[in-house]
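Take a look at the structure set out below.
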Amino acid sequence: MGSKTGGLSIRGVRTWLEGPGGNAAEQGGRFKALRGAAAWVTTPLLPDDYLHLANPLWSARELRGRIVDVRTETADSATLVIQPGWGFDFGFRPGQYIGIGLLVDGRWHWRSYSLTCPPDWTTPRRGGKRLISIAVKAMPEGFLSSHLVNGVPVGTIVRLAAPQGGFVLPNPLPEKVLFLTAGSGITPVMSMLRAMDRRGQFTDVVHIHSARTADDVMFGTELSRLRERNPSFRTHLHLTADHGKFVPGDLDAELPDWRERSTWACGPAAMLDEIEHHWRGAGLSDQLCVERFEVERSAVGEGGRVTFGASGRTAEADGATSLLEAGESVGVQMPFGCRMGICQTCVVTLSSGHVRDLRNGDEHHQGDKVQTCISAAAGDCTLDV
Ligand SMILES: Cc1cc2nc3c(=O)[nH]c(=O)nc-3n(C[C@H](O)[C@H](O)[C@H](O)COP(=O)(O)OP(=O)(O)OC[C@H]3O[C@@H](n4cnc5c(N)ncnc54)[C@H](O)[C@@H]3O)c2cc1C
Ligand code: FES
């Protein structure tokens with residue numbers, strides 16, 4: 001039976017909020033109005049306490065989602081289908097990524113994952129509710145990716161950070177497109193391909209994807225179906241166990257018109273370095289868009305006590321732990337986006353002390369703006385957050 005508050009049926013409100021249709025702006029307006037109402041009705045207690053009782057996906061403070069399906073893609077990768085709660089922007093651009101936070105052993109762990117679904121994705125199997133999907137490849141010794149691929153139960157409530165990122169297609173689409181991907185780097189391109197397919201908007205698109213063997217190809221069956229449905233879409237699988245690593249220099253023979261194509265590339269750092277070098281050499285850097293999943297950390301800080309000025313909380317951090325992770329470990333709400341030194345969302349002011357950039361060892365001093373996701377303490381320091 002649906003519970004009632006005055007004339008307000010919880011089930012009715014839930015259907016209204018979670019129902020299909022409506023654009024992101026409308027959803028955002030609904031969310032804000034309801035959040036305001038919830039705060040008013042539940043004052044002086046926190047609205048979240050009541051909302052959580054009604055539905056764990058409802059929160060006035062943060063974006064949440066429920067994992068509703070986990071599908072195996074390959075031996076070491078899986079697609080996770082998530083039903084977001086209030087306030088999620090389903091109008092994201094294909095190629096963008098989200099932050100996902102999981103509570104493991106009493107601590108929230110955050111990582112970034114590219115969305116693999118098209119915007120406003122629904123499936124009849126889930127009653128027309130709007131969903132999102134990500135696909136995760138378990139990294140050897142990777143903490144969260146292994147958990148997401150091999151252990152996370154359906155029904156788990158996760159925290160979400162809003163979609164963002166500049167690895168997106170322009171509108172209208174270029175006449176000639178090249179996607180170069182390897183391994184899990186196929187994920188943002190999958191969202192782009194699915195969106196093109198759904199809108200019936202395939203231009204002349206070539207996708208060259210590297211994987212170790214045919215069994216390691218994520219979305220292999222779907223790529224074949226997309227190709228059958230869209231004659232202007234061509235794929236080439238580069239199996240590295242048979243042919244060695246993909247070399248950009250081979251493009252002259254394999255795809256003679258590669259210079260005429262707008263190119264999006266995503267994969268391991270070494271492959272992306274080579275591609276960037278090759279495009280630069282051809283004077284075509286402005287035709288290349290690259291998405292990196294990892295950051296090269298070649299330095300360590302000295303470690304020290306990090307004080308978070310606004311809350312007065314402190315964390316003892318070693319020289320390999322980022323200031324972002326240090327803050328999260330003691331419950332400080334740190335701003336973040338990519339967690340890889342790309343987006344600048346995590347920048348805060350260093351109020352005192354020194355920190356070190358983990359990418360190159362550069363030291364920052366009092367008054368500097370620092371990226372907390374790729375900086376570690378170099379002695380005791382205080383952050384203005
Ligand atoms: C914008 C963005 C989008 C991303 N999208 C996806 C996606 O769609 N699918 C996906 O599977 N992953 C994606 N990632 C990578 C993801 O965020 C995690 O970094 C990855 O899943 C590893 O997390 P972990 O907790 O298992 O590894 P950790 O426990 O954090 O790290 C374990 C070890 O692996 C190394 N490592 C971490 N990540 C990588 C990596 N990508 N390549 C090589 N070594 C690494 C670390 O340096 C460390 O030594 C994305 C990253 C970014 C920044
Ligand atoms: S979170 Fe993106 S640069 Fe730090």
Side-chain angles (χ1 to χ4, degrees), residues 20-21 68-74 77-82 90-97 113-137 163 165 167-211 213-239 246 251 254-258 260-267 287 289 291:
V68 294
D69 199 5
V70 181
R71 290 186 220 135
T72 300
E73 291 291 344
T74 63
S77 67
T79 282
L80 275 74
V81 180
I82 299 167
F90 290 91
F92 60 86
R93 295 179 68 186
Q96 289 193 308
Y97 62 88
Y113 290 101
S114 304
L115 289 158
T116 53
C117 55
D120 283 319
W121 176 51
T122 59
T123 131
R125 278 200 302 151
R126 298 260 157 218
K129 286 196 172 125
R130 286 186 297 178
L131 304 167
I132 54 171
S133 64
I134 58 171
V136 181
K137 184 171 159 64
F167 190 73
V168 293
L169 295 170
N171 191 9
L173 284 178
E175 274 175 31
K176 288 184 163 208
V177 173
L178 171 59
F179 292 130
L180 294 173
T181 61
S184 58
I186 195 172
T187 52
V189 165
M190 231 22 237
S191 174
M192 295 174 178
L193 292 173
R194 285 168 166 166
M196 287 179 190
D197 182 52
R198 211 166 65 156
R199 295 170 189 158
Q201 271 183 355
F202 263 98
T203 51
D204 174 353
V205 179
V206 176
H207 180 192
I208 300 178
H209 179 64
S210 295
T213 68
D215 288 342
D216 295 311
V217 178
M218 296 168 77
F219 309 108
T221 313
E222 188 170 349
L223 287 174
S224 305
R225 276 200 219 113
L226 286 173
R227 211 175 40 227
E228 281 159 22
R229 270 206 302 270
N230 301 282
S232 64
F233 175 46
R234 286 177 284 157
T235 55
H236 174 74
L237 268 184
H238 184 94
L239 301 181
F246 165 79
L251 281 172
E254 287 174 20
L255 189 67
D257 69 352
W258 68 270
E260 298 162 28
R261 293 178 178 272
S262 302
T263 302
W264 281 261
C266 184
Q287 275 177 225
C289 184
E291 180 81 316

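Note that the structure is predicted; figures quoted are calculated from it, not measured.
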Any donor-acceptor pair under 3.5 Å from [X] side chain to [Y] backbone:
X: Gln201; Y: Met196; value: no
X: Arg194; Y: Trp121; value: no
X: Ser114; Y: Tyr97; value: no
X: Thr203; Y: Lys176; value: no
X: Arg261; Y: Pro174; value: no

Euclidean distance, [Y] [atom2] relative to [X] [atom1], rounded to 0.5 Å:
X: Thr221; Y: Leu226; atom1: OG1; atom2: CG; value: 11.0 Å
X: Ser133; Y: Ile82; atom1: OG; atom2: CD1; value: 8.5 Å
X: Asp197; Y: Arg227; atom1: CG; atom2: CZ; value: 13.0 Å
X: Leu255; Y: Glu260; atom1: CG; atom2: CD; value: 9.0 Å
X: Leu80; Y: Ile134; atom1: CG; atom2: CD1; value: 5.0 Å

For a quick test of reading the model, state the closest non-hydrogen atom pair linking [X] to [Y] and the distance between them.
X: Val217; Y: His209; answer: CG1-CD2, 4.1 Å
X: Met192; Y: Gly95; answer: CE-CA, 4.0 Å
X: Cys266; Y: Phe167; answer: CB-CZ, 4.2 Å
X: Phe246; Y: His238; answer: N-NE2, 3.4 Å

- Query: Would you call the rings of Phe179 and His207 parallel, tilted or perpendicular if under 30° counts as parallel and over 60° as perpendicular?
  - Reply: perpendicular

Do [X] and [Y] have side chains that approach each other closer than 4.5 Å (heavy atoms only, starting at C-beta)?
X: Ile208; Y: Leu251; value: yes
X: Arg125; Y: Asp69; value: yes
X: Ser191; Y: Phe92; value: yes
X: Asn230; Y: Leu193; value: no
X: Trp264; Y: Leu169; value: yes
X: Leu173; Y: Val205; value: no

- Would Phe233 and Val177 satisfy side-chain contact (heavy atoms from CB on, under 4.5 Å), going step by step from the backbone distance to the final call? CA-CA 10 Å; Phe233 175 46; Val177 173; over 6 Å; no

- Would Met218 and Met190 count as a side-chain contact (heavy atoms from CB on, under 4.5 Å) if you check the C-alpha gap in whole Å, the side-chain angles of each, and the deciding distance to 0.1 Å? CA-CA 10 Å; Met218 296 168 77; Met190 231 22 237; over 6 Å; no

Is there a donor in the side chain of [X] and an acceptor in the side chain of [Y], or the other way round, less than 3.5 Å apart?
X: Thr74; Y: Ser77; value: yes
X: Glu73; Y: Thr79; value: yes
X: Thr187; Y: Thr116; value: no

- Message: Under the rule for ring pair (Phe, Tyr, Trp, His ring centres under 6.0 Å), what residues qualify as partners of Phe219, not counting sequence neighbours?
- Response: none

- Task: Would you indicate whether Arg198, at its atom CZ, is surrounded by more than 12 heavy atoms from other residues, nucleotides or ligands within a distance under 6.0 Å?
- Result: yes

- side-chain contact (heavy atoms from CB on, under 4.5 Å) between Gln96 and Val168, intermediate numbers included: CA-CA 7 Å; Gln96 289 193 308; Val168 293; 3.7 Å; yes

- Between Ile186 and Leu223, does a side-chain contact (heavy atoms from CB on, under 4.5 Å) hold up when you go through it step by step? CA-CA 11 Å; Ile186 195 172; Leu223 287 174; 3.8 Å; yes

